[in-house]
Protein chains: 2
Amino acid sequence: MDHDVLSIGDLARTTDTKVETIRYYERAGLLPAPARTAGNYRAYRAEHLARLSFVRRARDLGFSLDHVRELLRLADQKDQSCAEIDVIARLHLAEVDRKIADLMALGGELRQIVGQCGHGTVAECRIIEALSPN
Amino acid sequence: MDHDVLSIGDLARTTDTKVETIRYYERAGLLPAPARTAGNYRAYRAEHLARLSFVRRARDLGFSLDHVRELLRLADQKDQSCAEIDVIARLHLAEVDRKIADLMALGGELRQIVGQCGHGTVAECRIIEALSPN
DNA sequence: TATGCACCCTATAGCAGCTATAGGGTCAAG
DNA sequence: CTTGACCCTATAGCTGCTATAGGGTGCATA
């Protein structure tokens with residue numbers, strides 16, 4: 001009947017996160033430890049839901065847990081400049097772009113290798129040849 | 001004076017691989033355990049060098065250790081069809097393409113978010129806003 | 001001969017970011 | 001009063017290495 005209290009399972013369903021992951025985030029310092037019920041169950045409130053949603057969204061955007069921790073800390077200082085937030089986001093974007101470039105180069109090489117396969121025996125396989133030294 | 005025997009350090013230098021990684025590959029079943037010297041040092045030969053080079057090349061192309069193990073096994077059956085090799089390579093290529101697509105979508109979102117930053121206070125920060133629920 | 005140094009050995013723990021297990025306790029419904 | 005869904009902690013596992021600790025080997029030099 002406690003309408004503004006959420007169990008860990010409620011929170012998991014609402015944010016599409018596994019229960020174990022939520023407990024892991026707590027241990028990792030991404031979520032504050034909530035109050036406990038008489039039976040030692042975690043009792044979450046709206047603020048926890050907001051915070052977990054923030055974490056999930058940042059994770060979906062590929063930020064590392066370290067970056068998420070930083071972003072959370074900065075987000076709490078409402079009167080400070082958002083310069084540091086901008087830096088983190090730009091750094092992350094640069095890394096994403098770098099990863100894309102790496103994967104595209106790799107994909108190009110792979111496509112070339114795969115395209116040469118003559119579907120014969122292993123002895124004449126161009127893929128194996130491409131992987132072999134000399 | 002043993003000219004066709006390589007120490008683990010030699011192999012490491014030649015293939016640009018860390019010594020620990022070579023030992024790890026042996027434990028992981030990617031490299032056969034080589035003969036040992038009187039002093040219990042690993043004594044590698046040309047065949048090990050070739051095999052490690054193959055592994056490195058496959059890893060550079062992003063194949064998982066499981067896939068590399070499979071490729072090694074298949075590469076040894078010279079008279080079999082190379083169909084399975086082709087399947088592994090194509091599967092991997094598909095995964096690379098999928099990752100690129102994911103990262104591009106993510107990069108697009110990030111670029112939009114970063115572009116909106118007005119460089120004011122955290123309270124008005126569009127990045128934080130974009131990460132926050134509601 | 002001693003000693004220093006680069007190299008080698010094993011075993012084990014650590015990294016990210018979870019996920020899965022074991023072995024229990026809680027709580028509401030039937 | 002038992003069943004079943006949920007919750008708890010602690011710990012181990014995953015990938016692909018990398019890094020330590022605590023030793024042994026082998027060669028050159030003082």
Side-chain angles (χ1 to χ4, degrees), chain A residues 1-3 5-31 33-44 48 52 54-72 91-92 95-96 99 102 106, chain B residues 1-2 5-31 33-45 48 52 54-72 91-92 95-96 99 102 106:
Chain A
M1 298 282 168
D2 227 344
H3 270 313
V5 160
L6 298 161
S7 73
I8 196 169
D10 295 336
L11 206 58
R13 268 181 298 277
T14 311
T15 61
D16 199 26
T17 307
K18 304 214 165 165
V19 164
E20 294 83 3
T21 304
I22 297 177
R23 287 195 280 247
Y24 170 73
Y25 285 164
E26 182 181 324
R27 281 201 307 282
L30 289 164
L31 291 180
R36 298 290 181 122
T37 66
N40 199 32
Y41 285 18
R42 285 172 180 79
Y44 293 102
H48 296 101
L52 179 53
F54 184 104
V55 170
R56 293 297 288 174
R57 174 94 177 108
R59 292 290 299 134
D60 283 349
L61 287 170
F63 287 98
S64 68
L65 293 192
D66 271 358
H67 276 168
V68 176
R69 248 184 303 263
E70 252 323 79
L71 289 173
L72 283 167
L91 269 179
H92 179 50
E95 211 182 300
V96 168
K99 273 186 192 162
D102 286 356
L106 203 144
Chain B
M1 297 282 169
D2 227 345
V5 160
L6 298 161
S7 73
I8 196 168
D10 295 336
L11 206 59
R13 268 181 299 278
T14 311
T15 60
D16 199 25
T17 307
K18 302 213 167 166
V19 164
E20 294 83 4
T21 305
I22 297 177
R23 287 195 280 247
Y24 170 73
Y25 284 165
E26 183 181 322
R27 281 200 307 282
L30 289 165
L31 290 179
R36 297 290 180 123
T37 66
N40 200 32
Y41 285 17
R42 285 172 179 81
Y44 293 102
R45 302 191 155 270
H48 296 101
L52 179 53
F54 184 103
V55 171
R56 292 298 287 175
R57 174 93 177 110
R59 291 292 298 134
D60 283 349
L61 287 169
F63 287 98
S64 69
L65 293 192
D66 270 359
H67 276 168
V68 176
R69 248 184 303 262
E70 252 322 79
L71 289 173
L72 283 167
L91 269 179
H92 179 48
E95 211 182 299
V96 168
K99 273 187 193 161
D102 285 357
L106 203 144

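Chain letters run A, B, ... following the sequence lines, proteins first and then strands; every chain starts at 1.
- For A:Phe63 and C:dG17, the CZ to P distance is 13 Å, given to the nearest whole Å.
- Computed from coordinates, the A:Glu26 CD to C:dG17 C1' distance equals 16 Å when rounded to whole Å.
- To the nearest angstrom, P of C:dC15 lies 10 Å from OH of A:Tyr24.
- Rounded to whole Å, the distance from CG on A:Leu6 to P on D:dC6 is 15 Å.
- For A:Tyr41, the side-chain atoms get nearest to C:dT26 when compared with the rest of C:dG17, C:dT26, D:dG26.
- Remark: P of D:dT18 and CD1 of B:Ile22 are 11 Å apart, rounded to the nearest angstrom.
- Following rounding to the nearest Å, A:Leu30 (CG) and C:dA16 (C1') show an atom-to-atom distance of 12 Å.
- Within the nucleic acid shown, A:Arg23 comes within 4.0 Å of at least one base atom, counting heavy atoms only.
- Here the straight-line distance linking atom CG of A:Leu11 with atom CG of A:Leu31 works out to 7.5 Å at 0.5 Å rounding.
- Annotation: of the two residues near DNA chain C, A:Thr37 and A:Thr21, the 5′-most nearest-nucleotide partner is A:Thr21.
- We find the CD-OG distance between B:Glu70 and B:Ser64 to be 9.5 Å, quoted to the nearest 0.5 Å.
- Salt bridge B:Asp60/B:Arg57: absent, no basic N to carboxylate O contact under 4.0 Å.
- Using a 4.0 Å cut-off between charged side-chain N and carboxylate O, A:Asp102 and A:Lys99 make no salt bridge.
- Projected onto DNA chain D by closest heavy-atom contact, A:Arg36 and B:Asp66 fall at different nucleotides, the more 5' of which corresponds to A:Arg36.
- A donor and an acceptor atom never sit less than 3.5 Å apart when one is taken from the side chain of A:Tyr25 and the other from the base of C:dG17.
- Proximity of a side-chain donor or acceptor of B:Arg69 to a complementary backbone N or O of B:Ala28 within less than 3.5 Å is detected.
- A straight line from CZ of A:Arg42 to C1' of D:dT9 spans 9 Å, rounded to a whole angstrom.
- Taking the side chain of A:Glu20 as heavy atoms from C-beta on, and the options C:dA20, D:dT18, C:dC18, the nearest nucleotide is C:dA20.
- A sub-4.0 Å separation between OP1 or OP2 of D:dT9 and a side-chain N or O of A:Arg27 is absent.
- Minimum atom distance to the side chain of B:Lys18 is reached by D:dT18, of the listed C:dC18, D:dT18, D:dC7.
- Each of D:dC7, D:dG16, D:dC8 was ranked by its minimum atom distance to the side chain of B:Ser64; first place goes to D:dG16.
- For the pair B:Leu52 CG and D:dG16 P, the interatomic distance rounds to 16 Å; values are reported in whole Å.
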